[in-house]
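Structure in structure tokens, see below.
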Amino acid sequence: MSKEQFTIPIGPQHPALKEPGHFTLTVDGEVVTGASVRLGYAHRGIEKAVESRNWVQDLYLLERICGICSHIHATAYCLGVEKLAGVTAPPRAQAIRVLVAELERIHSHLLWLGVAAHQAGFDTLFMYSWRDRETVMEVLEQLTGNRVNYSANLLGGVKFDVDTRVLETILSGLDFLETRTHHYLDIVSGDRIFLQRTRGIGMMTSEQAERLGVTGPTARASGVRRDIRVDAPYAAYDRYPIQVVVETTGDLEARFIVRLKELLETYHLIRTLLDGLPEGDLKTRMPRRIAAGETISRVEAPRGELFYFIKSDGGDQPARIKVRTPTLSNMASVTQLAVGHQLADMPMLLTGIDPCFSCNDRLTTVQTSGESETWTWEKLRQYGIASYRERG
Amino acid sequence: MKIETMLRDIIQSLFHKPVTELYPAQRQPTPQRLRGKLRWNPEKCTGCCLCVKDCPCSAIELITIDKDNKRFVMRYDAGRCTFCAQCVQNCRFNCLEMSSEDWELAAMDKALFTVTYGREEDVQSLLGCVAPTGDPAGE
Amino acid sequence: MDTFLKEGRWSQALEQIKLWARLNSPWVIHFNSGSCNGCDIEILATLTPYYDVERFGIKLRGSPRHADVLICTGPVTRQARDRLRRIYEQMPDPKFVIAVGSCALSGGVFDGCYNVVGPIDAVIPVDVYVPGCPPRPEAIIDGVVQLLGKLQQGARP
Amino acid sequence: MLASLFALLIFPAGLFVLVNGLAYHWIDRKLVARLQNRVGPRWFQPAADMVKLLANEEVLPTGVDARLFTALPVVALAGALAAMIYLPIAGLPPLYNFPGDLIVAVYLLSLLTLCTGLAGAISKDRFSIIGATRALTQLFSYEAPFLLALLGPAFAAGSWQINEIMAYTSSQWLILTQPVGFVVALIGLMGKLEMAPFDTPEAETEIVAGAMTEYSGRGLALFLLGREVELVGGLTLIAAFYLGGINNPFDYALKTLVLLLGVAGVQTLMTRLRIDQVVGLWWRYGALLALGQWLLLLGQRMGT
Amino acid sequence: MNALEQAQDILAAWVQAWHTPEDNRFDAQVAPADLISTVQALDDHGWGYLVAITGLDHGAEAGEMEVLYHFCRGAAVLTLRVAIARGQAAVPSVCAIIPYASVFERELAEMLGVEVYGTPDPSRLFLPDDWPEAVYPLRKDAELD
Ligand code: SF4
Ligand code: SF4
Ligand code: SF4
Ligand code: SF4
Ligand code: SF4
Ligand code: SF4
Ligand code: SF4
Ligand code: SF4
């Protein structure tokens, strides 16, 4: 009868990432009537700042939207601006962009595996997956000179070439990672205790995923075959086709499996790419002023579709850049998924948010009286269990 | 209770040396391309300022001492720099490079991050003429 | 007189022991006040087998009450400013702050963005600055080692 | 209360137990680190942590009962230390004994959990409160199987007195005849101590630091010390009852260290259990198994 | 028939003007009043999914703003362009049809000051709690310190 509000802050000060946020649930009796998310702790105002810096400076600003997908942001931006300027980066540069993007995917997926394991309280898996992640970090550092913000991209090309030494490091790194990935696949699909925390949890059917605009591995784990690398190949992906990995169960376990299988696909792609790396220049000349126009650039970030809208009015600064990150749309999906469900189902649903899967640990009840009482994830969950028991 | 997959890992670890790199007692060699602190060589600089123009965070500044004789001084702030190497790309005369050795930059005083590069006498003359005003960044 | 001396020595020894303990058991808490995550992953990486800061007795704690050192990343956004200050205030004395990354030092690329208040030291006092974007995990460890060095010299009680 | 704690502390045995606790704590952490392919902490780490905490400022959260807040950690440690009096410290015969001291010792060892729970409950911080609820839930779900598992040997020996049970077990390895009891006791101990897969009450990724969230400085140090003492006590009991008794310091060290290795292995191998799994698992299987074995023993005794 | 031709068919009744700025893209000018019907039509035909909503401010002189609804289907991108006056910037909410648009609409409202009427949740998404009212950072003439 009375409407109550619950706020669930997510990860305000966690080492392991993400723009911190809050979820607010409005409930009527037991049914969730509204869910909303509040972000902004990491909002810096990048979309505005780009309008007062030149095209080159913006490359580095956009690269720093997030340190986990740094390269893919820069790539999306470069591809867009090049399209506007009517310039195409040379084939070797495009191939290197793909190479770095795929290496970044490896780092990102292993990072997620570790963080997710840490969340589940499986620290040993976290330690091992991050140990193995160092292999790819080392490769990236050798290739580009930085472990996180690679700045491999330039408008009109790339900065760094693949020489034989780097090539060998990559290849030997891949062999190691491949065996490890199979090993992790074994664990996430075999360890019974771990499975208790992933199997059947955070279910999302393919219809739901479709309707909710979920992207990336989360969508693919629900059987939605959507991957920009295949649907609308960019950079050099038309030359290096990949198999889209799809799982149909749509639970957390499927999300683990999709990511790990995607890694195997990535190793394969990198090997073919390095086999037939096109010769040629690394960059072409770019004008400082970009011809007026609007363009859209879509790429597949490790976490899903990344969307850029770029508008130029012919000057040396962009007129507008709109960035839609995959995490935002996944967050959006969860707030929608919540409505109409029992309060008791919330934990499982919120667990479906991509990057962290049990981060929703705290919630505050703001009662109509205006007083604020504390509810926790745990209390909510226990409430869930109790109510299931009652329902039988 | 399929835990033997992980068991293999931990038993291996028990009988192997940890992978831990014992920094700072031991330092691993750094990759050649590592982008550490920026270095500037005044000899070839023409004062074109291309490097300054595209720096995303105003970390470098070129101060002209004597334009005709190509005497410039560069002030660099490692505390602002994002180590993106765009300036290195922009310089057509290869005056700039990023050190692969100089990356342990931590300090307790922010002022230490600002360095002035240039020929000895130019730096002297710059500091000399600015010091009396007491505001080295005041131009 | 005699006893006075003895007491002096005794309390001196006690101070020494306290200092030793403090140097060897820096527990840290980490706060992201608006960073790009880059620095944060590198901090997390220092806990993992390759760098393993448990060697120095460093432990990552979730509660500011248990922490001696606050590691901050990122420029301070308007929304995060008060939280940062609150966390700092909750820590028991003596407490230390390490600012990691160019953003935390000067705002880095984000300097001048409308929602950015400024670097960390615009909000709370900072003891050690670690430049880099992001600094390598070794460089972060170097920062911690410098902080411990500073402590040892008794720059601050 | 302070005086009694002091008396226990200056007591050489008490001191030994503390040092022993610190050392075992280090070995445990080191083993876990090694199993995770890391170097791990230095040998003096727990001692340094302890001294530092003792030296640190102790913040008293607003709105809590100050006396209770400071007394609880003291009681917790005192309880754990008092329990040690009845145990064969380092393989030497117990300092005191009387018929039924086993029950007393086990209950003194649970005092710590109880205090932790209370401490969380009075802290008025939301994380502390959940931590407290979880700690207490866990108390009931681990304490009981632990006790039942220790009653197995007692029953076999036909006595409730620790040294008599030991006299019986030193002639035979009960781990062979009562393997279930052994496993239940070890897991129960880990649960009591809130060690890795059973560390739900202080799951850092979920509720910051559980009941301890608001404690800093001295209070935290005492709680941690109490836990270390309990580790030693628990391992001693299990080794004495299941691993053929402990007759001398060497025997003691060997057997408890082997146990510690097992504990570290379990810690690294498993994912944290959810609190409902924790409770479910132990009430359903742990307690049942222990009870089952107990009944079996009863039957055997009746039969003979 | 490829995806864009299909979209052209579906939207024929409402589109005021269209052009193809790039391969695989198709921009359709739609009146604010027709927005809901167009989105409904796309949804009925199951054409693609909404990826983003972009707000464009053309500046005080032009006195105009645009709201762009980007739909994707495979490689094809269809953009519905809704032009609105800067003085009374308002568009109807599409949340009734596409519920997850809520987040995008909130962003649009707080960043550009476009009123989205009918949107289920008008609260702030990114801007801090102490942000002044009626300051819209992405407007060209926003006064930011
Ligand atoms: S990416 Fe989003 S949250 Fe981050 S600064 Fe830009 S608008 Fe804000
Ligand atoms: S999707 Fe996640 S990892 Fe990628 S840029 Fe966004 S926040 Fe970063
Ligand atoms: S679970 Fe994720 S969001 Fe939550 S605190 Fe941890 S890392 Fe942060
Ligand atoms: S490396 Fe980048 S941030 Fe640093 S000075 Fe050069 S251009 Fe500026
Ligand atoms: S770009 Fe090179 S030559 Fe030009 S001012 Fe900079 S350092 Fe000098
Ligand atoms: S530091 Fe400030 S003034 Fe300089 S480029 Fe960046 S935003 Fe502009
Ligand atoms: S310093 Fe660089 S890596 Fe660190 S938070 Fe800032 S932008 Fe990200
Ligand atoms: S708080 Fe409860 S529901 Fe949440 S992750 Fe922990 S055990 Fe699971």
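Not measured: the values here are computed from a predicted model. Order of the sequence lines sets the chain letters (A, B, ...), proteins ahead of strands, with each chain counted from 1.
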So, the part of E:Leu68 with a heavy atom under 4.5 Å from chain A: the answer is side chain

inquiry  = Measuring from atom CG of E:Asp23 to atom NZ of A:Lys83, what distance do you get when rounded to the nearest 0.5 angstrom?
reply    =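 That separation rounds to 9.0 Å.
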
* To do: Of all the heavy-atom pairs spanning A:Glu294 and E:Asp27, show the shortest one and how long it is.
  =>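 The pair with the smallest heavy-atom distance is OE1-OD2, 4.3 Å.
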
Between CZ of A:Arg320 and NZ of E:Lys140, what distance do you get to the nearest 0.5 Å?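 Here the interatomic distance stands at 8.0 Å.
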
Considering only heavy atoms from C-beta outward, does the side chain of A:Ile296 approach that of E:Thr79 to under 4.5 Å? yes

When every non-hydrogen atom of A:Glu305 is compared with those of E:Cys72, the smallest separation belongs to OE2-SG, 4.1 Å

All heavy atoms of E:Ala76 vs all of A:Arg298, minimum pair found to be O-NH1, 4.2 Å

Using atom types as modelled, flag every donor-acceptor pair under 3.5 Å from a side chain in residues 231-245 of chain A to any protein atom, sequence neighbours excluded.
residue	atom	partner	partner atom	Å
A:Asp231	OD2	A:Asp227	N	3.3
A:Tyr234	OH	A:Glu300	N	3.1
A:Tyr237	OH	A:Glu102	OE2	2.3

Separation between CD (E:Glu22) and CG (A:Leu84), nearest 0.5 Å, reads 7.0 Å

Practice task
First locate atom NE2 of E:His70, then atom CZ of A:Phe309, and finally report the distance between them rounded to the nearest 0.5 Å.
Solution key: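 That separation rounds to 5.5 Å.
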
Value for NZ (A:Lys322) from CG (E:Leu56), rounded to nearest 0.5 Å, stands at 10.5 Å

Can you tell whether the side chains of A:Arg324 and E:Glu107 come within less than 4.0 Å, N to carboxylate O? no

Task: Of all pairs that satisfy salt bridge (charged side-chain N to carboxylate O under 4.0 Å, His left out), the ones with a partner from residues 32-53 of chain E, not counting sequence neighbours - done: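 For residues 32-53 of chain E: A:Arg211-E:Asp43.
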
Heavy-atom closest pair (A:Thr295 atom, E:Arg25 atom, distance to 0.1 Å) is CA-NH1, 3.4 Å

